[in-house]
Amino acid sequence: QLQLVESGGGSVQPGGSLRLSCAASGFPLELYAIAWFRQAPGKEREGVSCSSSSGDRTNYRDSVRGRFTISRDNAENTVYLQMNNLKPEDTAVYYCAADLGYYCYLDFSAMDYWGKGTLVTVSS
């Protein structure tokens, strides 16, 4: 069964850090570009970061560039999102998604598979 499972969410104070993980099973992650999306209460889902299938190309939305880092370990079938200097506006449910192919896009309509999400709360 093809599956993506996120983990690593939690509550943190502003300025803190979290590392999200996205573990894939049932398919070879190395064939897929991976993207992280988030959805805050009452807001639309937005793309946060993505990685090409080989990991050599990445992209970030402007509001997280310089604070978040996406990485992947294809041998472990896992993608990570390191989030530093978190802000209250980063509070959201974070989802990982897979898109068959090399290039990554911060476009939820392009994704083939989705995880169920992990909640990140940034509050003092």
Side-chain angles (χ1 to χ4, degrees):
Q1 182 178 358
L2 304 175
Q3 196 173 15
L4 292 169
V5 179
E6 304 93 337
S7 61
S11 295
V12 64
Q13 292 186 340
S17 297
L18 285 173
R19 188 194 196 200
L20 304 184
S21 298
C22 171
S25 60
F27 63 96
L29 196 65
E30 61 190 11
L31 299 181
Y32 290 78
I34 295 293
W36 286 95
F37 293 82
R38 67 186 180 187
Q39 188 165 19
K43 296 189 176 181
E44 294 186 352
R45 191 170 299 192
E46 60 184 21
V48 176
S49 179
C50 68
S51 165
S52 62
S53 59
S54 63
D56 61 337
R57 291 180 181 235
T58 59
N59 194 16
Y60 300 89
R61 69 180 300 109
D62 288 344
S63 63
V64 308
R65 188 172 287 114
R67 300 188 296 122
F68 290 11
T69 303
I70 190 170
S71 62
R72 60 193 296 159
D73 185 340
N74 285 341
E76 295 293 327
N77 251 25
T78 303
V79 177
Y80 304 97
L81 185 67
Q82 177 68 42
M83 306 186 297
N84 297 329
N85 190 22
L86 283 160
K87 303 177 180 181
E89 52 264 40
D90 295 318
T91 295
V93 177
Y94 283 71
Y95 302 88
C96 67
D99 176 24
L100 181 62
Y102 170 76
Y103 291 101
C104 75
Y105 304 95
L106 292 178
D107 177 2
F108 63 82
S109 67
M111 300 296 118
D112 297 309
Y113 304 108
W114 288 86
K116 293 184 178 181
T118 184
L119 177 63
V120 172
T121 303
V122 184
S123 174
S124 55

Novice: Do Ser124 and Pro14 come within less than 4.5 Å of each other through their side chains, counting heavy atoms only?
Specialist: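 A side-chain contact under 4.5 Å exists here.
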Novice: Would you name the heavy atoms of Gly16 and Val12 that are closest together and state the gap between them?
Specialist: CA-CG2, 3.6 Å
Novice: Strictly distance-based, threshold 3.5 Å: is any side-chain N or O of Asp73 a donor or acceptor partner for the main-chain N or O of Tyr80?
Specialist: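 Not a single qualifying donor-acceptor pair exists.
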Novice: If Ile, Leu, Val, Met, Phe, Trp and Tyr residues are connected whenever their side-chain heavy atoms lie under 4.5 Å apart, and connections chain through other members, are Leu100 and Ile34 in the same group?
Specialist: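 Looking at the clustering, Ile34 is in the same group as Leu100.
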Novice: Are Trp114 and Tyr32 connected, step by step, through hydrophobic side chains (Ile, Leu, Val, Met, Phe, Trp, Tyr) whose heavy atoms are closer than 4.5 Å?
Specialist: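 No; Tyr32 is not reachable from Trp114 via cluster members.
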Novice: Can you tell me how far the SG atom of Cys22 sits from the OH atom of Tyr94, to the nearest 0.5 Å?
Specialist: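 Going from SG on Cys22 over to OH on Tyr94, the span is 14.5 Å.
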Novice: Step through it carefully: locate the ring centre of Tyr113, locate the ring centre of Phe27, and say whether they are under 6.0 Å apart.
Specialist: yes
Novice: Return the NZ to SG distance between Lys116 and Cys96, rounded to the nearest 0.5 Å.
Specialist: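 Nearest 0.5 Å value for the NZ-SG distance: 12.5 Å.
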Novice: Provide the closest heavy-atom pair for Thr78 versus Ser21 in the form atom of the first, atom of the second, distance.
Specialist: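 Smallest interatomic distance, heavy atoms only, reads CG2-CB, 4.3 Å.
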Novice: So, applying side chain to side chain contact (heavy atoms under 4.5 Å, CB included) with Val120, which one of Thr91, Val93, Leu20, Leu81 is it?
Specialist: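 With Val120 as partner, side chain to side chain contact (heavy atoms under 4.5 Å, CB included) holds for just one option, Leu20.
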Novice: Give the minimum heavy-atom separation between Leu29 and Arg72, together with the two atoms involved.
Specialist: O-NH2, 2.8 Å
Novice: A side-chain contact here means heavy atoms from C-beta on lying under 4.5 Å apart; do Ser53 and Leu31 qualify?
Specialist: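 SC-SC contact between Ser53 and Leu31 ruled out.
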Novice: Hydrophobic cluster membership, with links at side-chain heavy-atom distances under 4.5 Å among I/L/V/M/F/W/Y: are Tyr95 and Trp36 in one?
Specialist: no
Novice: Quick one: pull up CG in Leu18 and CD in Gln82 and give me the separation to the nearest 0.5 Å.
Specialist: 8.5 Å
Novice: How far apart are the closest heavy atoms of Arg61 and Gly47, and which atoms are they?
Specialist: NH1-O, 2.7 Å
Novice: Any idea which heavy atoms bring Phe37 and Ala97 closest together, and the distance?
Specialist: CE1-CB, 4.1 Å
Novice: Rounded to the nearest 0.5 Å, what separates atom CG in Asn77 from atom CD in Gln3?
Specialist: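 With rounding to 0.5 Å, CG (Asn77) is 12.0 Å from CD (Gln3).
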Novice: If every non-hydrogen atom of Arg65 is compared with every non-hydrogen atom of Tyr60, which pair is closest and at what distance?
Specialist: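 Scanning both residues completely, I find the closest heavy atoms to be NH2-O, 2.5 Å.
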Novice: Looking only at side chains, do Tyr102 and Arg57 share a donor and an acceptor under 3.5 Å apart?
Specialist: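 Per modelled atom types, Tyr102 and Arg57 side chains form a pair under 3.5 Å.
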Novice: Keeping Ser52 on the side-chain end and Ala33 on the backbone end, is there a donor-acceptor pair under 3.5 Å?
Specialist: no
Novice: Is there a chain of hydrophobic side chains (I, L, V, M, F, W, Y, each step under 4.5 Å between heavy atoms) that links Leu106 to Leu4?
Specialist: no
Novice: Find the distance between CZ (Arg38) and CE (Met83) and round it off to the nearest 0.5 Å.
Specialist: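 Taking CZ in Arg38 and CE in Met83, the distance rounds to 9.0 Å.
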Novice: Other than Val5, which residues form its hydrophobic cluster under the rule that side-chain heavy atoms must be closer than 4.5 Å?
Specialist: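 Listed partners: none, Val5 stands alone.
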Novice: Go through Cys50 and Asn59 one step at a time and tell me if the side-chain contact (heavy atoms from CB on, under 4.5 Å) criterion holds.
Specialist: CA-CA 5 Å; Cys50 68; Asn59 194 16; 3.7 Å; yes
Novice: Kindly compute the distance separating CG (Asp90) from OG (Ser63), expressed to the nearest 0.5 Å.
Specialist: 7.0 Å
Novice: Is atom CD of Glu44 surrounded by more than 12 heavy atoms (other residues, nucleotides or ligands) closer than 6.0 Å?
Specialist: no
Novice: Count I, L, V, M, F, W, Y as connected when their side-chain heavy atoms are under 4.5 Å apart, and connections chain through other members. Are Val79 and Phe68 then in the same cluster?
Specialist: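 Same cluster.
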Novice: Any side-chain to backbone donor/acceptor pair from Arg45 onto Gln39? Under 3.5 Å, distance only.
Specialist: no
